[in-house]
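Here's the structure we're looking at; comments come further down.
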Amino acid sequence: MISQFFVLSLRGDNIVFRDYRGDVPKGSAEIFFRKVKFWKEDEEEAPPVFEAMPLLVESTHLNWPCGNEDNYCYNCGRDYTDPRDSAALSQVSRRCTGQSLCSAKAWELVLCRAAFGLFNLDGVNYFHVKVAGLLFVSTTRVNVSPSLVLELLQRIARVIKDYLGVLNEDSLRKNFVLVYELLDEVIDFGYVQTTSTELLKSYVFNEPIVVDAARLPSLGPAAMFMQGNKRMPGTAVTKSVVANEPGGRKREEIFVDIIEKISVTFSSSGYILTSEIDGTIQMKSYLTGNPEIRLALNEDLSIGRDGRSIYDYSSSAGGGVVILDDCNFHESVHLDSFDIDRTLTLVPPDGEFPVMNYRMTQEFKPPFRINALIEEAGSFRAEVILKIRADFSSNITANTILVQMPVPKYTNRVSFELEPGAVGNTTDFREANKRIEWGLKKIVGGSEHTLRAKLTFSQEPHANLMKEAGPVSMTFTIPMYNASRLQVRYLQIAKKSKTYNPYRWVRYVTQANSYVARI
Amino acid sequence: MAPPAQFQRSTSSSQPSGKGEVSDLKMQLRQLAGSRAQGTDDSKRELFKKAISFMTVGIDVSSLFSEMVMCSATSDIVLKKMCYLYVGNYAKGNPDLSLLTINFLQKDCRDEDPMIRGLALRSLCSLRVANLVEYLVGPLGSGLKDNNCYVRTVAAIGVLKLYHISPSTCVDADFPSVLKTLMLKDPDAQVVANCLSALQEIWSLEAGTSEEASREREAFLSKPVIYYFLNRIKEFSEWAQCIVLDLVAKYIPSDNNEIFDIMNLLEDRLQHANGAVVLATIKVFLHLTLSMTDVHQQVYERIKAPLLTLVSSGSQEQSYAVLSHLHLLVMRAPMLFSSDYKHFYCQYNEPSYVKKLKLEMLTAVANESNTYEIVTELCEYAANVDVPIARESIRAVGKIALQQYDINAIVDRLLQFLEMEKDYVTAETLVLVKDLLRKYPQWSHDCIAVVGNISSKNVQEPKAKAALIWMLGEYSQDMIDAPYILESLIDNWDDEHSAEVRLHLLTSVLKCFFKRPPETQKALGAALAAGLADSHQDVHDRALLYYRVLQYNVSVAECLVNPPKQAVSVFADTQNSEIKDRIFDEFNSLSVIYQKPSYMFTDKEHQGPFEFSEELGSLSVGIESADNVSPAQRVEASDNDLLLSTSEKEESRGPSSNGSAYSAPVYDGLTASQTQLEPAFQNQALPVYSPQDGLAIDDLLGLGPPAAPAPPPLKLNARTVLDPSTFQRKWGQLSVSLSQECSISPQGTEFTASEIAEVDNGSKLQLDVYLDEPKTPFNDDINGFDVLSFWRSNWTRFLDVARMAHDVLAIPVSTVASKSSFSAGGHVIDKYLTEPVDDANDMADVVKHVLLMPKPNSERGCGPIGTPQASSWAGSNL
């Protein structure tokens with residue numbers, strides 16, 4: 001049961017604000033935003049769930065002494081010895097700052113509470129998720145299930161996106177009345193009613209004002225399970241589920257995206273330490289009349305690794321069988337024939353949703369091999385050699401590749417040397433966080449690329465240069481490639497009509513989640 | 001159309017211009033109010049939009065109230081909705097003006113269109129104005145009876161809203177009982193879910209004052225209600241499922257079969273893509289199986305994969321919520337997760353709150369077999385660019401070292417950290433080396449050699465400096481430079497800001513003095529002088545104390561600072577186990593994220609509708625016949641057992657063992673009837689309970705007197721995936737990754753045969769089974785047999801006997817001198833001591849009795865285990 005829901009821009013403006021229960025004091029949005037900002041100053045991210053208390057900067061107790069570990073305020077002579085409060089206080093300050101009481105933030109918390117005359121949390125809990133550069137926030141005073149609220153926030157973002165086609169600050173501002181209408185139906189008095197775009201359609205009457213999708217980087221279907229602001233170009237479907245096409249008639253089409261994010265860690269000797277594929281089959285249907293759909297996966301797909309340790313590679317390497325560690329399914333999916341022929345039957349609801357999420361630790365061939373070397377080259381100098389080999393077939397092209405590597409803190413100059421004839425490469429030395437960045441627009445399968453960087457140091461380097469630099473991390477997107485070999489054999493739409501032939505889009509894409517090579 | 005963004009930005013920055021706009025808006029609205037011209041609605045929409053966007057950014061537009069209401073007479077539904085929103089927001093502040101809205105809202109409540117009826121009813125209930133409640137009762141009453149389910153869902157929540165405005169009006173109108181009927185009869189699942197939410201909230205708020213309400217609240221947990229919800233669970237939306245599952249987690253089934261039925265029914269919920277549903281299901285599973293150690297452990301194994309999948313799919317925020325729960329489980333039963341350690345490796349792009357959780361999990365799951373790899377991984381993080389995480393990783397390495405696994409390698413690693421010459425690495429490592437030395441003084445030689453090379457100038461952090469100074473004092477005889485380093489530190493006394501460091505400096509220099517007097521004398525004098533002049537009270541006091549003690553007697557002073565030390569065996573845990581248990585009870589709530597129980601962060605009134613009182617455990621359902629009720633006690637200790645002896649238990653479970661393993665919790669020797677229950681349960685052709693049966697639902701709720709004729713037995717629908725016995729077998733066979741990794745001791749293997757045999761004689765008494773065990777050869781080589789490990793590994797098979805053995809083998813420490821325990825003349829009753837005082841004495845008597853008894857006949861005497869105490873205990877026939 002939640003008390004309020006609001007959407008803030010990254011500058012802290014309220015775009016939408018809805019109070020459901022009226023039991024949270026005014027100003028909660030401001031308190032929330034200040035709290036998030038504090039974390040940012042620490043170069044940390046605010047955890048998605050936290051409690052906060054009213055903040056007040058103006059206070060008479062400005063001389064809380066540093067280094068004083070007890071609960072006695074020297075300024076006002078008040079003794080805060082209530083054990084419950086001091087425990088809560090130290091927890092709060094530890095969570096905010098990771099340090100003891102006297103750091104600035106904990107200090108401010110103390111001040112506020114002192115100003116309120118009480119060491120009492122006001123019992124408001126804040127939840128937030130970041131979607132498309134917006135903060136979706138909700139508050140509650142009850143000990144609710146955190147995953148329920150976070151899931152709900154994520155789902156509200158998705159419903160809004162289904163309606164508006166594009167979710168960003170601009171589209172939200174233009175359509176805030178529609179969003180209020182949606183919110184009224186999604187939550188009543190803090191209890192979730194429905195988040196199905198399908199059901200909501202019959203209760204919502206505002207027409208979305210569509211913003212120009214081409215101009216703006218949009219929230220692709222993949223973005224909902226991606227971290228941060230990484231987006232996937234080329235897979236974005238930016239059509240509202242309710243708005244009609246300019247041509248008048250709605251186009252009958254269905255999109256199925258198999259999106260995999262892969263995590264690989266290479267040891268310094270090039271051996272794979274850990275590898276995992278987290279995949280999702282994402283569907284977005286624009287079919288009228290909600291026909292039933294059959295989605296067939298690899299016939300030899302097997303799920304679960306009975307009894308074997310999940311990292312027991314030796315026993316699973318042989319054969320072309322795809323073995324998933326585990327998977328889960330959307331509610332609309334019927335698994336009746338899944339055990340027999342690996343087909344999923346479902347009636348896709350309107351809007352975008354994940355049909356299936358899966359996780360795989362089976363060994364796979366990593367798409368890129370990274371070779372990194374750093375060695376001393378005379379006094380105050382060192383050379384870094386980065387080599388990348390694309391280990392996939394030559395008719396596939398990876399794009400938006402970025403390779404990053406931290407260099408020793410005392411590096412003050414870097415000069416780069418690319419291979420002769422290299423196109424579309426960018427190189428950069430980030431002075432602030434002492435990191436070299438190498439961007440490549442495209443890498444064709446089977447090719448190999450090298451970067452040499454000459455570092456100049458401001459001091460004599462430490463004996464062990466390897467410990468001062470690295471690891472190399474890499475991000476990329478490879479369209480029409482999937483590392484797990486999971487496939488959609490066919491996509492069948494059960495509608496009995498000869499003329500009915502909607503567009504069916506099945507796309508694969510692989511992205512790096514955490515692709516790291518140690519040196 | 002002008003996007004609201006433009007004026008919004010200007011108004012949010014400057015309040016006065018907002019005011020001007022508001023009065024403009026007022027004018028325009030007034031002009032439109034009476035107009036019936038074409039296109040009025042469109043211009044009204046624009047104006048309403050403006051008003052609402054002002055409202056959103058926090059500008060007070062309540063002055064428009066009467067104009068807004070005047071404009072609301074329209075058939076345009078979008079316009080209506082905006083008006084409702086506005087009214088709902090400002091009615092509370094303008095109770096008088098709100099009266100204006102009642103009229104049109106009431107009219108809309110009777111509209112033909114169910115949508116309008118629902119909307120109007122919702123807005124009417126959202127006014128939150130106390131003196132208008134009389135207008136609510138009528139529309140709510142008809143709303144609850146409406147033939148459209150949308151209106152009923154709105155009305156159900158409307159009752160709750162009314163309750164919050166005026167509890168007495170709500171109760172007087174008898175709405176709760178209407179809701180109850182609706183909850184048990186309505187065909188629409190969302191109506192049912194809303195009724196449940198509303199009733200839970202109302203009754204838990206009422207419970208304090210009314211006895212009836214608390215009875216009603218308990219009735220939720222009765223078998224008929226729970227089964228009713230479970231049978232309909234697939235009709236509910238995913239969110240409503242969470243509410244139902246939360247309720248089910250509170251239910252206490254009467255026997256094991258019921259537990260398996262419920263788990264069987266809910267198992268497919270674990271594959272749901274919605275993390276909230278999965279976690280709610282896991283909570284049900286964990287709480288249901290608390291009394292069955294084995295199954296509880298299998299639940300852990302079963303939920304591992306779904307949890308890990310949820311962590312890696314979904315957004316970063318969602319995975320954090322799930323990871324926190326995984327963290328809780330890992331902390332409770334680290335052994336079960338020890339082979340999954342690679343999942344807890346940090347990825348470089350994860351936020352630090354995730355990394356911190358993962359580091360703690362890595363620390364917890366470390367054991368003999370994986371320590372090397374975990375520590376190698378942690379060392380990689382120590383060189384990380386993310387300084388806070390690097391610090392955490394070093395601390396994690398230290399914690400693992402203190403857990404006693406492979407210390408040799410770890411100490412080497414820690415010493416390598418010191419060679420990295422990064423300030424924060426050195427600082428953290430020094431603190432750790434200090435703790436290590438307190439636990440393993442035998443490592444001092446290696447550590448000191450390296451620590452001695454660290455220049456105190458490179459160490460700035462107070463904690464690290466204090467650690468270094470402590471080592472300098474403690475091991476000054478091994479470090480050549482110790483007195484001189486201390487001296488130079490004392491020279492800079494005034495630059496030392498941390499009182500902690502100064503305190504340590506005083507103590508260390510005194511320690512050093514006793515070990516190497518001639519070299520330290522000068523430094524000691526300087527330190528005492530500086531300390532006496534110190535402004536910090538504690539430092540001053542300590543210096544004064546040392547000074548006076550030295551004056552009084554030098555050897556006393558030596559005892560004071562250099563007492564004979566014992567190595568620390570266990571460092572205190574930061575959180576006590578009671579709090580941990582509370583958090584576990586509140587699984588799937590904020591408590592897990594905050595790592596503290598709810599009473600620490602919520603107010604009493606907001607502890608929510610789901611907090612049920614403790615005494616519900618004894619709730620009687622009155623449906624089962626008395627003879628197959630095995631008390632479903634919640635065994636508090638079960639989780640501790642899980643932690644202590646998981647690996648041993650794994651060994652003891654044979655691969656082919658089936659359901660019989662579940663008969664483990666035998667409390668009163670009822671084994672025989674229990675194992676035969678499942679087939680009986682299946683064969684009975686029980687009518688399926690359904691709300692349409694025309695049963696008197698209210699009577700079913702367990703309110704009737706116990707003597708009432710027994711209602712038809714309840715059964716969960718046959719919609720389950722597996723029949724109960726298959727399900728139980730499946731759970732019995734659930735693979736357990738641990739088993740391969742544990743080395744099986746020679747003693748352990750000897751019993752495997754008997755375990756398989758045990759499958760057949762499930763009906764035997766534990767003691768008989770135990771006595772029929774093949775004998776362990778009892779010869780001269782008694783040292784090769786560890787009776788304690790026998791009982792540890794066979795704990796699950798002989799729960800009660802094992803408990804007795806524990807009692808016997810672990811005789812509590814007694815203050816009674818051992819001689820008196822075994823001397824018959826010990827218990828002289830004098831005028832001060834009229835009877836044996838404590839249990840320990842009784843215990844000693846028992847032991848004495850057992851030991852002094854003539855050896856029983858050879859067949860039983862050297863029975864299953866070869867120690868005198870245990871065998872004669874068994875032989876004495878209890």
Side-chain angles (χ1 to χ4, degrees), chain A residues 13-14 16-17 22 44-45 47-49 51 88 98 121 123 125 129 141-148 150-151 154 173-174 176-177 180-181 188-189 191-194 205-206 224-225 227 263 274 278 280 306-307 309 311 325-331 354 357 359 406 462 467 473 514 516 518, chain B residues 3-5 12 49 56-57 77-78 81-82 85 128 157 160-161 197 237-239 242 271-276 279 305-306 309 312-318 320-322 339 342 345 347-349 351-353 380 383 385 388 420-421 588-591 593 598 600-603 606 608 735 737:
Chain A
D13 304 337
N14 270 358
V16 173
F17 187 96
E44 265 188 60
E45 262 181 85
V49 184
E51 33 177 353
L121 295 165
N125 304 294
V129 302
R141 302 183 74 101
V142 183
N143 191 14
V144 292
S145 156
S147 60
L148 185 134
L150 293 171
E151 188 88 37
Q154 202 69 245
R173 282 194 192 278
K174 281 192 175 139
F176 72 102
V177 179
Y180 274 124
E181 212 184 339
D188 194 4
F189 207 53
Y191 290 102
V192 190
Q193 301 297 305
T194 179
F205 297 92
N206 274 297
M224 65 143 295
F225 81 94
Q227 311 207 326
S263 305
T274 58
D278 300 312
T280 190
D306 316 304
S309 163
Y311 281 102
D325 286 39
D326 187 47
C327 55
N328 60 36
F329 301 96
H330 187 260
E331 204 159 36
N357 296 310
R359 182 170 54 85
H462 288 291
K467 281 258 189 283
S473 61
S514 159
V516 175
R518 291 177 178 156
Chain B
S12 60
K49 260 189 189 173
T56 303
V57 295
I77 197 158
V78 175
K81 280 192 168 185
M82 284 198 267
L85 180 68
R128 294 183 208 153
I157 293 289
L160 182 59
K161 290 178 186 165
S197 313
S237 76
E238 48 201 311
W239 311 107
C242 295
Q271 279 198 334
H272 205 287
N274 185 334
L279 280 180
T309 308
S312 54
S313 63
S315 73
Q316 193 174 295
E317 292 90 358
Q318 288 155 297
Y320 169 67
V322 179
S339 57
K342 283 197 177 179
Y345 282 0
Q347 293 175 350
Y348 79 101
N349 51 358
S352 48
Y353 51 79
E380 291 285 343
V385 277
M420 273 168 62
E421 295 180 37
N588 193 22
S589 77
L590 285 171
S591 316
I593 302 255
S598 62
M600 283 182 161
F601 62 89
T602 46
D603 337 337
H606 289 290
S735 61
S737 48

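Quantities reported herein were computed from a predicted structural model and do not represent experimental measurements. First the proteins, then the strands, lettered A, B, ... as listed; each starts at 1.
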Which one wins on heavy-atom pair count under 4.5 Å against chain A: [options]?
options                      : answer
B:Thr309, B:Leu85, B:Asn588  : B:Thr309
B:Val322, B:Ile77, B:Leu279  : B:Ile77
B:Ala321, B:Ala276, B:Ser589 : B:Ser589

Under a 3.5 Å distance rule, please check whether A:Glu181 uses its side chain to pair with a backbone N or O of B:Lys81 as donor and acceptor.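 A pair under 3.5 Å: no.
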Just by modelled atom types, is the B:Thr56 backbone N or O under 3.5 Å from a matching donor or acceptor in the A:Asn14 side chain?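 Present.
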Please round to the nearest 0.5 Å and tell me the distance separating atom [atom1] of [X] and atom [atom2] of [Y].
X        : Y        : atom1 : atom2 : value
B:Gln316 : A:Gln154 : CD    : CD    : 10.5 Å
B:Cys242 : B:Asn274 : SG    : CG    : 5.5 Å
A:Asn357 : B:Ser312 : CG    : OG    : 8.5 Å

Heavy-atom cut-off 4.5 Å, strictly under: side chain, backbone, both or neither for [X] against chain B?
X        : value
A:Val192 : both
A:Tyr180 : side chain
A:Val177 : side chain

So B:Glu380 and A:Val516, do their side chains get closer than 4.5 Å, heavy atoms only?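 No, every pair of side-chain atoms sits at 4.5 Å or beyond.
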Identify, with sequence neighbours excluded, every residue that meets side-chain hydrogen bond (donor to acceptor under 3.5 Å, both in side chains) alongside B:Gln271.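 Not a single residue meets the side-chain hydrogen bond (donor to acceptor under 3.5 Å, both in side chains) criterion with B:Gln271.
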Tell me, side chain or backbone of B:Lys161 under 4.5 Å from chain A's heavy atoms, or both, or neither?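 Backbone plus side chain of B:Lys161, per the 4.5 Å heavy-atom cut-off to chain A.
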With a 4.5 angstrom heavy-atom cut-off, which part of B:Tyr345 approaches chain A: side chain, backbone, both or neither?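 For B:Tyr345, the contact with chain A is made by the side chain alone.
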Name the member of A:Leu148, A:Leu150, A:Thr194, A:Asp188 that forms the most heavy-atom pairs with chain B at distances under 4.5 Å.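 The answer is A:Asp188.
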